[in-house]
Undergrad: 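Here it is, the structure, as structure tokens.
Hydrogens, waters and symmetry mates are skipped; everything else that's a heavy atom, side chains included, is used. Letters A, B, ... are given to chains in the order of the sequence lines, protein chains preceding strands, and every chain is numbered from 1. All figures in this text were calculated on a predicted structure; none of them were measured in a lab.
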Amino acid sequence: MKNKVYSSFDEAVAGIPDGATIMFPGFGPPGIPRNLIAALIRQGAKDLIGICNNHGALGNLMDVGRLIETERVVKWVCAFTAAPHPSRKLAFEGLYEEGKIEAELVPQGTLAERIRAGGAGIGAFYTPTGVGTEVAEGKEHREIDGRMHILEYPLKADYALIRARRADKMGNLQYRLSQRNFNPLMAQAATTTIVEVEEDILEPGQIDPDQVHTPCIFVDRMVRIPPAPEGIWDAPTRT
Amino acid sequence: MKNKVYSSFDEAVAGIPDGATIMFPGFGPPGIPRNLIAALIRQGAKDLIGICNNHGALGNLMDVGRLIETERVVKWVCAFTAAPHPSRKLAFEGLYEEGKIEAELVPQGTLAERIRAGGAGIGAFYTPTGVGTEVAEGKEHREIDGRMHILEYPLKADYALIRARRADKMGNLQYRLSQRNFNPLMAQAATTTIVEVEEDILEPGQIDPDQVHTPCIFVDRMVRIPPAPEGIWDAPTRT
Amino acid sequence: MEKTPLDRQAMCNRLAMEFQDGWVVNLGIGMPTLCSNYDFGDKQIIFHSENGVIGYGPLAAEGEEDLHLVNASSQYVTIATGAAIVHHADSFAIIRGGHLDATVLGAYEVAENGDFANYKTAGRKGGGIGGAMDLAVGAKQVFIAMEHSTREGEPRLLQRCNLPVTAVSVVTKVVTTLGLFEVTPEGFKLMEIAPSFTTDDVQAQTGATLIIPDNLVEFNA
Amino acid sequence: MEKTPLDRQAMCNRLAMEFQDGWVVNLGIGMPTLCSNYDFGDKQIIFHSENGVIGYGPLAAEGEEDLHLVNASSQYVTIATGAAIVHHADSFAIIRGGHLDATVLGAYEVAENGDFANYKTAGRKGGGIGGAMDLAVGAKQVFIAMEHSTREGEPRLLQRCNLPVTAVSVVTKVVTTLGLFEVTPEGFKLMEIAPSFTTDDVQAQTGATLIIPDNLVEFNA
């Protein structure tokens, strides 16, 4: 059996090259691969293309906002290129307005479906989402069953950085509650998937096959998150 | 809370009209809604359109083959219009060759994806499956990323007849092992989903939210399968 | 009598009164989340969130947050009895696939043809679409809750949106600080009016011609 | 010396020898299932089945069948340690998405350009595609295991398929009762030949010109 368990986050992200396309899950605090993002910042890869629902959050926890602040990113594919309220503006917006970072603004469901298509070998799909809006500009339109749709293409990545609650040594994963969000989709759409795991990594067979959320075949490397302060954990942030 | 628990299969299928489109899951013996199929045959609806991986199996257990034998079906959408071996020929093949039943032969993965698209509001999708074969004839072709694809459209249904291992009164479902197969997809793609349940129907909250396979919002009616011989259970068939 | 606009909770209560037993509802970021405070009595409403939570309950009490569970506004919420979790693509399959009975969204502008704008403000390069475009085309009913006018006193109910639209011809009902409106093929119909306001008051603050039905009633929620 | 064609288990063992540690493999209905009988030693092979089983083991012993668990041939199998179950669309997302390292399928005919036919026999109206078309376009390696000739003695390795094809230009290796063949841009290359047969024997039963390499070896599995 191939060994997928790595002893440190630095080791797990060591090979990520400049220019890599990377998927980052997370929706609100749960499910963000904070330790892997921190390791990626330490590692120093630049000119990265990111695929992520948002571009970071307010507060002092490690997330993709830190990666963007350190100017490692050339392009960001996301559902928010501006914060809902100007008071919540992050570094990304400044960089984007100055043209220092390129962005593709994608409706969240289209983003999720494009990632799914990337992992599922679907060449492209028609969706009604975005018809009549700026998002549809320049896209192919088609009326299907009396309703207008636009054509959207899959998203794949070189790497996905993932966070799971539980794993076995083969790489089968379980998420807890809304931690799941984009994690299973991104694990499937990336060539190499690296996971930070919240609990001790189990022996194969200790996770019920009916209750696996990400099958082991999508997982390449895993690191157990150490206790704080060495490990970075979610915490309520009310800044 | 709406009551979704019915006391008999006959009551659960009572309203299915002539001409309805119905999805039937199952792959090999597991996951076939045998009791609901038996009730549908008793109920007498005709001119039905069926969507199902196969058109029945050898052996003496109740399955879609019985429905087809009784000539209630005008059209069948499936991945097998002929048995792998002529020795395993079923009633369907004769009816099909005589032109008494119409059929659409679909690769199994395209069938599953079309059903998923039906339940997910996707207007159509491009797949590489079937390119260069009879299946692609008359379909729109498009080269994407250097690879040829064909355009496939979603499948929806008026009814899905489903079989699950476990349910709660709200309609959250769990399947066991390969019983899952097409069940979750069909539950989502049908206007009305009717479920036969193998175990006692639980109180809401007794199924872990992280381990629900079909969320309750896709389930309309449920019936607990009674013990044999009244209830129809899977059994190894080696005829 | 002093003219008091409706408060946000009353506005959201009024939309929540529209929800029917068994409905699956998605509440947008901000004001719409107040709909979940309404007392639904015997009605069972299932609250869906973009991140794949099907069935969440009230906000978690301070100090009792479950760090694995937030709603679409990133608020720590509780899980409802009989909830289910799915991943993000399955969550939007629910939305886009027509399985939501209603969504309640905030907006900057709503047009009389049912268009609305809520993701991008004037002159800004970026926008925040989030799940709004999917919710708008997917939900069976699209309800909007918003202030009747901007801080500058400009109307938000318009003949046509000035801002980039989130979706076209989808809004069915709007509640504002001045009342409840229905989007009809003929334009905005004022269904219920805030106490102490006259129809002339409301028309004066509206950028489209209102239809005033004979059975106009006072807003009560 | 009598000329004995290879037996089915030997044929499948030879393909199974190609599987590498950690590979995810789908075995088609019939003969290909014999690949799972091969002793993989330290190599871990994950067997995937169309019905969403990722990691199944040997056939279940008589009387010990789990009625909820079959493979793609509808045989009752055992579950492997560390298995996972997904639904049918996710199962074919694995296949179509390029996540299978190999599939082994049966066939009626294989052409020297990598086309193959396995779902419809001559003159029959119906066909049985099952998962074959998806497996053929999705798996990184498409291996075929079949008799070298038909019962009537007609060749199955051809310049072009006569029957309706299952997929175009996908087959990488073929094992038959006479040996192991690689599909190359120049046509079929005989890599390993069944003991006691000559290359002339094999060519005589083949409907395309074989490439016979200098390093041809005797089949051994």
Undergrad: Where is the tightest heavy-atom contact between R96(D) and T110(B), given as atom of each residue plus distance?
TA: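 In terms of heavy atoms, the two residues are closest at NH2-N, 4.4 Å.
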
Undergrad: Any side-chain heavy atom of V131(B) sitting closer than 4.5 Å to one from V168(D)?
TA: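 Not touching, per the 4.5 Å side-chain cut-off.
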
Undergrad: Does any backbone or side-chain atom of L135(D) lie under 4.5 Å from a heavy atom of chain B? Answer side chain, backbone, both or neither.
TA: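 For L135(D), no heavy atom lies under 4.5 Å from chain B.
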
Undergrad: Please classify the contact of N71(D) with chain B as side chain, backbone, both or neither, using a heavy-atom distance under 4.5 Å.
TA: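 Backbone only.
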
Undergrad: For the atom pair NE2 (H87(D)) and CE (M186(B)), what is the distance rounded to the nearest 0.5 Å?
TA: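 Reported value, rounded in 0.5 Å steps: 12.0 Å.
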
Undergrad: For K173(D), I'd like to know if atom NZ has over 12 heavy atoms of other residues, nucleotides or ligands within 6.0 Å.
TA: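 More than 12 within 6.0 Å, yes.
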
Undergrad: If you look at every heavy atom in L177(B) and I85(D), which pair is closest and at what distance?
TA: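 The answer is O-CG2, 3.4 Å.
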
Undergrad: Please check if the side chain of R124(D) supplies one atom and the backbone of A82(B) the other of a donor-acceptor pair under 3.5 Å.
TA: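 Side chain of R124(D) to backbone of A82(B): no pair is present.
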
Undergrad: Would you please indicate if the ring centroids of H88(D) and F27(B) are separated by under 6.0 Å?
TA: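 When the ring centroids of H88(D) and F27(B) are compared, they turn out to be within the sub-6.0 Å range.
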
Undergrad: Which pair of non-hydrogen atoms, one from P30(B) and one from L67(D), has the smallest distance, and what is that distance?
TA: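 Smallest heavy-atom distance, with atoms named: CG-O, 3.5 Å.
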
Undergrad: Heavy-atom distances under 4.5 Å only: say whether I95(D) touches chain B with side chain, backbone, both or neither.
TA: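 The answer is neither part of I95(D).
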
Undergrad: Just so I understand: if I count every heavy-atom pair under 4.5 Å between each of C78(B), G28(B), P128(B) and chain D, which residue has the most?
TA: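 So the answer, after comparing C78(B), G28(B), P128(B), is P128(B).
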
Undergrad: Salt bridge (Lys or Arg N to Asp or Glu O under 4.0 Å) with E97(B): which residues, sequence neighbours excluded?
TA: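 In terms of salt bridge (Lys or Arg N to Asp or Glu O under 4.0 Å), with neighbours along the sequence ignored, E97(B) is linked to K89(B).
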
Undergrad: Could you check whether any side-chain N or O of D134(D) sits under 3.5 Å from a backbone N or O of G109(B), counting only pairs where one atom can act as donor and the other as acceptor?
TA: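 Looks like yes, one N/O pair under 3.5 Å.
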
Undergrad: For Y119(D), is it the side chain, the backbone, both or neither that has a heavy atom under 4.5 Å from a heavy atom of chain B?
TA: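 Side chain of Y119(D) only, per the 4.5 Å heavy-atom cut-off to chain B.
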
Undergrad: Taking atom OG of S74(D) and atom CG of L58(B), what is their separation to the nearest 0.5 Å?
TA: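 Rounded to the nearest 0.5 Å, the OG-CG separation comes out at 10.5 Å.
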
Undergrad: Do you know which of A112(B), A103(B), P107(B) has the most heavy-atom pairs under 4.5 Å to chain D?
TA: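 Sorted descending by pairs with chain D, the first entry is P107(B).
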
Undergrad: With a 4.5 angstrom heavy-atom cut-off, is it the side chain or the backbone of R114(B) that approaches chain D, or both, or neither?
TA: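 No part of it gets close to chain D.
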
Undergrad: Keeping the roles fixed (side chain from S178(B), backbone from H68(D)), state whether a donor-acceptor pair exists under 3.5 Å.
TA: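 Side chain of S178(B) to backbone of H68(D), a donor-acceptor pair under 3.5 Å: yes, one is there.
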
Undergrad: Within a reach of under 6.0 Å around CD of E98(B), are more than 12 heavy atoms found that belong to other residues, nucleotides or ligands?
TA: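 Enclosed: over 12 neighbouring heavy atoms sit under 6.0 Å from CD of E98(B).
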
Undergrad: So which part of A136(D) gets closer than 4.5 Å to some heavy atom of chain B, the side chain, the backbone, both or neither?
TA: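 Neither part; nothing is under 4.5 Å.
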
Undergrad: Charged N to carboxylate O under 4.0 angstrom, D90(D) versus R116(B)?
TA: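 Looking at D90(D) and R116(B), the cut-off is not met.
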
Undergrad: Pick from G138(D), A84(D), G127(D), G128(D): which one has the most heavy-atom pairs with chain B under 4.5 Å?
TA: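 Of the candidates given, the most pairs with chain B belong to G127(D).
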
Undergrad: Has T133(B) got a side-chain atom pairing as donor or acceptor with T166(D)'s backbone, closer than 3.5 angstrom?
TA: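 Between the backbone of T166(D) and the side chain of T133(B) there is no qualifying donor-acceptor contact (under 3.5 Å).
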
Undergrad: Taking every heavy-atom pair that is under 4.5 Å apart, which of S73(D), A72(D), G52(D) has the most such pairs with chain B?
TA: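 Counting heavy-atom pairs under 4.5 Å, the top option is A72(D).
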
Undergrad: If you compare all heavy atoms of D66(D) against all heavy atoms of R176(B), which two are closest, and at what distance to 0.1 Å?
TA: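 D66(D) and R176(B) have their closest heavy atoms at OD2-NH2, 2.5 Å.
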
Undergrad: Hey, what do you get for CG (L185(B)) to CZ (F92(D)), rounding to the nearest 0.5 Å?
TA: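 Going from CG on L185(B) over to CZ on F92(D), the span is 11.0 Å.
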
Undergrad: Let me confirm one number: the OG1-NZ distance from T81(B) to K120(D), rounded to the nearest 0.5 Å.
TA: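 Between T81(B) OG1 and K120(D) NZ, I get 7.0 Å after rounding to 0.5 Å.
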
Undergrad: So for V53(D), is it side chain, backbone, both, or neither that comes closer than 4.5 Å to the heavy atoms of chain B?
TA: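 For V53(D), the side chain is the part near chain B, not the backbone.
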
Undergrad: Nearest 0.5 Å, what's the CD-CG distance between E50(D) and N53(B)?
TA: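 Nearest 0.5 Å value for the CD-CG distance: 9.0 Å.
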
Undergrad: Salt-bridged, K125(D) to E93(B), with N to O below 4.0 Å?
TA: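 Between E93(B) and K125(D) there is no salt bridge, as every charged N stays at least 4.0 Å from the carboxylate O atoms.
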
